[in-house]
Amino acid sequence: MEYNFREVEKKWQKIWKDEKTFRTEDKSVKPKYYVLDMFPYPSGAGLHVGHPLGYIASDIFARYKRLKGFNVLHPMGYDSFGLPAEQYAIQTGQHPEITTKTNIARYREQLDKIGFSFDWDREVRTSNPDYYKWTQWIFIQLFNSWYNPETNKAENISTLIEKFRRISPSPRGQGEAWDALSEKEQSDLLLQHRLAYLSDTMVNWCPQLGTVLANEEVKEGVSERGGYPVERKLMKQWSLRITAYADRLLNDLDGIDWTESIKEAQRNWIGKSEGTSLKFKIAPSPVILSGVEGQGEKLPDIEVFTTRPDTIFGVSFVTLAPEHELVSKITSPAQKTVVEEYIAFAKNRSERERMADVKKITGVFTGAYVIHPFTGKQIPIWLGDYVLAGYGTGAVMAVPAHDTRDFAFANYFGIDKKIIITPPTEWDFEKNSYDEKEGKLIDSDFLNGLEVKAAIKKVIAVIEEKGLGKGKTNFRLRDAIFGRQRYWGEPIPVYYQDGIPKVLAENELPLLLPEVDKYLPTETGEPPLARAKDWKHKPKSPFSKGTPSEEGGKGDDAYEYEFSTMPGWAGSSWYFLRYMDAHNEKEFISKEAANYWQNVDLYIGGAEHATGHLLYVRFWTKFLNDLGLIPVSEPAKKLINQGMIQGVSSFVYRVETSNKYVSFGLRKDYETTPLHVDVNIVNNNVLDVDAFKAWREENKDAEFILEDGKYICGSEVEKMSKSKWNVVSPDLMVEQVGADALRLYEMFLGPLELSKPWNTNGISGVSNFIRKLWRLYHADANNQQPTTNNFNVSNEPANKQELKTLHRTIKKIVHDIENFSFNTSVSNFMICVNELTELKCNKREILEPLAIIIAPYAPHVAEELWSKLGNTTSISYAQFPEVNESYLIESAFSYPVSFNGKTRFFQEYDLSLTKEQIEKEVLTLEQTQKYLEGKTPKKIIVVHNKIVNIVV
RNA sequence: GCACAUGUGGCGUAAUUGGCAGCCGCGCCAGACUUAGGAUCUGGUGCCGAAAGGCGUGGGGGUUCGAGUCCCUUCAUGUGCACCA
C-alpha cells in the first residue's frame with residue numbers, strides 16, 4: 001500500500017476543524033506573531049492555482065512560528081462588498097448578498113481543501129452589518145476630526161471650534177465671530193477642515209458604471225473594472241482628507257520593511273515636490289479695466305507654483321489651466337471668443353482623449369499680461385491644458401529654455417526663449433530645453449554667476465523678503481473621493497438636516513443597507529439608495545439597529561439619508577484590526593487586543609494594491625493612532641508581494657474546413673486554425689485524444705494526424721482566464737496529487753515574489769517526494785520496494801552521518817524560512833530525504849524531528865507520521881528542533897586547486913592546517929607540477945575552507 | 001519619457017553573498033522489472049568535440065589572484081506612473 005493522501009488529508013482536516021486546532025488565544029504567555037493575507041474578493045469564478053500561492057507561503061510561516069513557540073494570529077476573511085456582485089445583481093435581479101454568500105461558501109470549500117491553519121472563528125466579512133457598523137463608526141470619527149498642523153495629528157473637531165472662538169477676528173471683535181455665524185455657515189466652515197468632508201470636487205465619473213471612481217481605479221483613462229470611459233465632472237462628493245497625512249505617509253515608509261518597488265510606487269503617488277509660490281501682478285490694461293467683467297474690481301494676483309524659482313529671469317509667459325478662476329476676468333475683449341471656445345474644447349475632451357494625445361499641444365492667448373516681479377516687463381498670459389487645474393495653483397511660470405513642457409508649448413506657438421543657465425556641457429537649445437539642476441546662472445540680475453542650487457536658495461529668500469511668495473511644498477496625492485453612487489457598499493451614516501450634513505449617533509449604528517426594487521440609479525439620476533422606501537433618519541428608523549439619538553429627527557421630522565455608499569476600499573482599510581477582536585460588540589477593537597497584537601508582523605499579498613489599499617490602510621492606521629485608539633501608526637511591519645501566476649494555454653490545430661486536427665510539429669503542412677484546448681486534458685503537451693473527443697459534442701468524431709503516435713499541442717503563456725481554457729483549479733490538483741503536493745509544488749516553482757507561468761508538468765516531482773518521505777518511515781531496511789505499509793521506525797541511536805544530514809537540513813530550513821525562501825527549502829527537504837534513503841535510515845532520532853520541520857510545508861502527511869510515531873497531540877504545537885552545530889563540524893576540506901582561476905583538481909587537507917602549510921603541500925603535488933609546466937608560480941592564494949588559487 | 005524589477009541548460013530554478021556555475025525537480029536518453037506503461041527502480045544528461053581539451057550566467061568594457069555576484073555601458077522583457085511645473 002502506498003501513501004493514501006486522499007484519506008489522510010481528509011482525516012486531518014476534519015480533526016483540525018473539530019478540535020479547533022488553530023484557534024488563537026487572546027491572552028498568552030507566548031510572544032505574539034501576526035501573519036496576514038490580503039483577504040480575497042469572493043468572485044464567482046472561484047480560486048485558481050494562482051490565488052493560494054501567497055496563502056500557502058503565509059501558512060507555512062504561521063505554522064513555523066507556532067512550532068517556534070509563538071502565539072500566532074493567522075486569520076482569513078472576505079472583502080465582500082464590491083462591483084462584480086452588484087453588476088451581476090443588475091443583470092439577474094438577484095440580491096448581491098445571495099451571490100456573495102454563495103461565492104464565499106465556494107471559496108471556503110476550496111480553501112479548506114488546501115489545509116490552511118486559519119483561525120476561522122475570527123473570520124470577517126466587510127458586507128456583514130456587525131462589521132460595517134464599525135466601518136461606519138470610523139467614518140464618523142473621521143467626520144468629527146480635523147488635522148491640526150501644529151500638533152501634526154488628527155484631533156477632535158471641538159478643538160478647532162475652540163480655536164475659531166478664540167482667535168477668529170471679526171468686525172464685532174474677538175470671541176464673537178464664531179458664535180455669530182449661522183449653523184449652516186459654521187457647518188460649511190468646519191467641512192473645510194473635517195477629515196471626512198463634503199465638497200464640490202472634480203471627480204472621475206464613469207457613466208457606464210454610474211459612479212465616481214478613485215484615481216487608482218482609473219487606468220489609462222478607462223475604469224479598471226470593465227474598461228469603460230471615464231470623464232471629469234464637478235460633483236458634490238464625500239472625500240477623505242488623506243492629503244493631511246501626505247508627509248507622514250511618505251516619511252514613515254523608511255521605517256517599514258516593504259519591498260522597494262512598493263515604497264517607490266507610494267512615493268511617486270504621493271509625489272512630494274518642494275518649491276515656491278510666486279505672485280505675478282496683472283498688468284493694468286485700459287481694455288481690461290474698462291471691460292465689463294473687471295470694472296472697478298481690483299484684480300487679484302496670479303499665483304504660480306514652481307520648483308525652479310531660480311529660472312525667474314527666463315520666464316517668457318505664464319500659463320493658466322483652462323479651468324482657472326481668473327480666466328474670465330482677465331481675458332481681453334479681442335480674445336474673448338477664442339478663449340471661450342478653447343475652454344469649451346478643453347472641458348469636453350474626455351480623460352482618455354486627453355491622455356491619448358498627450359503630445360498634442362493646445363492653448364490660446366488671453367490677451368492679458370502680468371508684470372515680472374523683478375524686471376517689471378510685461379509677460380503674456382496663455383491658457384494651456386498641459387497645466388492641470390488640480391495641481392499647485394493651476395498656474396505656471398513658463399521658462400521654455402529650461403523646461404521641456406514649456407519648451408514644446410513655446411515652440412508650437414512661436415514664443416521667445418531666454419537662456420539663463422549655462423549647462424556644464426555643450427547644449428543645443430534649438431532642439432531641447434536644459435532641465436538639469438546644474439550650471440551657472442546668466443542674464444539673471446542678482447543671481448548671475450551662482451550655481452543653480454545656490455540660486456534657488458537665494459531667490460527664495462528674496463521672494464519671501466519682498467512678500468512675493470514663499471517656499472511651499474506640493475503633493476501630487478489628491479484627497480480620496482469616498483462616495484460611490486452604487487448599492488453594494490456600506491451606507492454613509494449621514495443625514496441632511498436643512499442642508500446640513502449630520503452623522504448618526506454611535507447607538508444608531510449600523511445604518512443598514514436598505515432593500516431596493518432595482519440596483520440601478522433612479523430616473524432622475526440619483527444613486528440606487530434613493531429607491532429605498534422611506535430612506536430617512538427619524539426616531540426608530542427601520543434602518544438603524546440602535547436607538548435614535550437626541551439630535552435626530554423628532555416627532556414628524558424625518559431627514560433624508562445620504563444616497564451614496566462607501567468605496568470598496570473602506571472595509572479593507574482597517575480589517576487587520578478587527579481580526580484581533582472579531583466579535584467585540586462594544587468597540588471596533590478593545591484596547592487590550594490592540595495592545596497585545598499591535599500590528600501585522602508579516603503581510604502577504606499582490607503588488608497591484610501598491611497605491612490603493614496599501615496607502616489607505618496606512619492612512620486609517622495613522623488616523624486611529626492619532627485618536628489614541630490603537631498603539632501603532634503602521635499596519636504592517638513586513639510586506640511581501642507574491643508574484644502572479646500566469647496560465648499556459650494549450651492549442652490544437654484544426655485543419656481548415658475539416659474535423660481533423662494536426663499535431664504541432666506537422667501543422668506547417670496544412671492550413672490550420674489554432675484553437676484553445678482545455679489544459680486539463682493535456683499532459684506535457686500531449687493531448688488526451690479520448691478526453692478531447694468527450695470534451696465537446698462537436699469533437700466526437702474528430703480525427704487526428706499524429707506524430708510519433710502522439711498528438712502534440714502548441715502552448716503560449718497568457719493570463720489565466722476561463723475564456724482561454726487555461727485555468728487550473730486547486731481542487732483538481734488536490735484531487736489528483738493531494739494538498740501537501742500542491743503546497744510543496746507552489747513553493748517549489750520559484751521565489752515567491754516572482755511571476756511565473758503555471759505548469760502542472762513538474763508536479764510529479766513533489767508527489768514522488770512525498771511518497772519517498774513516507775517510505776522512510778515504512779519500508780523494511782532490506783526491502784526498498786514500497787510494497788509494505790508497515791510502519792517501521794527503530795529506536796536505535798542515529799549514526800554521525802544521519803545526524804549530520806538532519807542537522808544540516810534543520811539549519812538550512814530555518815535559514816530559508818526566515819528569509820522567505822520557500823522554494824529552496826523544498827529542494828533541501830528533497831536532498832535530505834534522498835540522503836536518508838541512501839543511508840537506509842529509519843531511526844526515530846532522525847525521523848521525528850524531520851516530521852516536525854516538514855510539517856509547515858506538508859502538514860497532513862506530517863501529522864499522520866507524527867501520530868504513527870506515537871504522539872497523541874497535534875504536530876502543529878510540537879517544538880521545532882534546534883540545530884546542533886557539533887554534528888556539522890568538518891575536520892577536512894577538499895580544496896579545489898585552480899590555476900589562474902581555473903579549477904584543475906581537488907586535494908583534501910585537514911582544516912587545522914595553516915595557509916602556509918597548505919601552500920607548501922600543494923606545491924609538492926605531482927598534479928601541481930604538471931599544470932605549472934615548469935614555471936614558477938607568481939603568487940599562491942589560499943582561502944581557508946574555500947579554495948587554492950595558483951597564479952602563474 | 002521616468003521609476004522599479006528580471007535576464008543562468010530543452011524547461012522551472014540553485015549558488016554558503018566575491019571562491020568548484022548548473023544543486024533540486026521536470027523533460028529527455030539508456031538499462032532493469034514487466035503482457036503493457038503516462039507505474040516503479042538504477043544510471044546518464046550545459047554546449048562543441050571521438051578524445052584531449054575548449055567554450056559557457058543577455059551583449060560590450062572594467063576592478064580583482066578569482067566575477068552569475070561589484071562598477072560603467074548597452075540590449076531585451078515585465079510592471080507601475082505618466083504633461084505634477
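Predicted model only: the values in this text are computed from it and were never measured. Sequence lines set the chain letters: A, B, ... in the order given, protein chains first and strands last, and positions in each chain run from 1.
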> Under 30°, 30 to 60°, or over 60°: which ring-plane class applies to F905(A) and F899(A), parallel, tilted or perpendicular?
Replying inline: tilted
> Going by atom types only, do T809(A) and N828(A) share a side-chain donor-acceptor pair under 3.5 Å?
Replying inline: no
> According to a strict under-4.0 Å criterion, is S273(A) in side-chain N/O contact with OP1 or OP2 of rA85(B)?
Replying inline: yes
>> What is the separation between atom OH on Y391(A) and atom C1' on rC81(B), rounded to the nearest whole Å?
In response: 14 Å
>> Both I941(A) and R308(A) contact RNA chain B. Taking the nearest nucleotide for each, which residue is further toward the 5' end?
In response: I941(A)
> Any side-chain N or O of R775(A) less than 4.0 Å from the OP1 or OP2 oxygen of rC41(B)?
Replying inline: yes
> So what does E260(A) hit on the nucleic acid, given a heavy-atom distance under 4.0 Å: a base, only sugar-phosphate, or nothing?
Replying inline: nothing
> According to a strict under-4.0 Å criterion, is R771(A) in side-chain N/O contact with OP1 or OP2 of rU40(B)?
Replying inline: yes
> Taking for each residue the nucleotide of RNA chain B with the nearest heavy atom, is it A265(A) or E838(A) whose nucleotide lies nearer the 5' end?
Replying inline: E838(A)
>> Could you tell me how far apart H944(A) (NE2) and rG19(B) (P) are, to the nearest whole angstrom?
In response: 17 Å
> Is a side-chain donor-acceptor pair under 3.5 Å present for S767(A) with S764(A)?
Replying inline: no
>> Any side-chain N or O of N834(A) below 4.0 angstrom from OP1/OP2 of rG25(B)?
In response: yes
>> Once hydrogens and angles are ignored, does a donor-acceptor distance under 3.5 Å link the base of rC81(B) to the side chain of N268(A)?
In response: no
> rG25(B), rG19(B), rA85(B): which one has an atom nearest the side-chain heavy atoms of F748(A)?
Replying inline: rG25(B)
> What nucleic acid atoms does S764(A) come within less than 4.0 Å of, heavy atoms only: base, sugar-phosphate, or nothing?
Replying inline: sugar-phosphate
